[in-house]
Peer 1: 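Got a structure for you, questions after.
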Amino acid sequence: MLLYIYLGLVLFLLAFIVKNMFQEKDLLLQIDAALVIVPLVLRLLLVK
């Protein structure tokens, strides 16, 4: 049960970061967002 809550929170956070990445104009901030997205996607896929 807690795993599904955790995955839901990760998905929620991931959606906001992806949305922010596409709205951002500065390339360096987009790269920073992409670097944050990678571990979150791995967590969502349960790859540790």
Side-chain angles (χ1 to χ4, degrees):
M1 179 66 181
L2 287 176
L3 175 67
Y4 297 120
I5 294 171
Y6 173 72
L7 292 176
L9 289 173
V10 169
L11 184 62
F12 184 71
L13 184 62
L14 187 62
F16 275 114
I17 294 173
V18 168
K19 178 179 168 265
N20 188 24
M21 184 181 73
F22 286 117
Q23 289 179 348
E24 188 61 50
K25 301 295 181 199
D26 187 14
L27 181 63
L28 290 177
L29 292 176
Q30 288 178 345
I31 292 171
D32 285 342
L35 289 174
V36 171
I37 287 172
V38 170
L40 288 176
V41 168
L42 291 175
R43 290 276 181 176
L44 194 61
L45 296 174
L46 298 175
V47 177
K48 294 187 179 189

Peer 1: Given 3.5 Å as the limit, does a donor-acceptor pair link the side chain of Q30 with the main chain of E24, or not?
Peer 2: yes
Peer 1: Let me check something: do F16 and I31 share a hydrophobic cluster, defined by ILVMFWY side-chain heavy atoms less than 4.5 Å apart, either directly or through other members?
Peer 2: no
Peer 1: Would L35 and L45 show up in the same hydrophobic cluster when neighbours are defined by side-chain heavy atoms closer than 4.5 Å?
Peer 2: no
Peer 1: If the test is side-chain contact (heavy atoms from CB on, under 4.5 Å), which one of I5, L3, L11 qualifies with L7?
Peer 2: L3
Peer 1: Can you tell me how far the CG atom of L14 sits from the CG atom of L9, to the nearest 0.5 Å?
Peer 2: 12.0 Å
Peer 1: Cluster question for you: counting only ILVMFWY and a side-chain heavy-atom cut-off of under 4.5 Å, with indirect links fine, are L46 and L13 together?
Peer 2: yes
Peer 1: Would you name the heavy atoms of A34 and M21 that are closest together and state the gap between them?
Peer 2: N-SD, 3.9 Å
Peer 1: Would you compute the distance between atom CG of N20 and atom CD1 of I37 and round it to the nearest 0.5 angstrom?
Peer 2: 9.0 Å
Peer 1: If Ile, Leu, Val, Met, Phe, Trp and Tyr residues are connected whenever their side-chain heavy atoms lie under 4.5 Å apart, and connections chain through other members, are L28 and V36 in the same group?
Peer 2: no
Peer 1: Is F22 reachable from F12 through a run of I, L, V, M, F, W or Y residues, each pair having side-chain heavy atoms under 4.5 Å apart?
Peer 2: no
Peer 1: Start with the C-alpha distance between Y6 and L2, add both sets of side-chain angles, then the distance that settles side chain to side chain contact (heavy atoms under 4.5 Å, CB included), and finish with yes or no.
Peer 2: CA-CA 6 Å; Y6 173 72; L2 287 176; over 6 Å; no
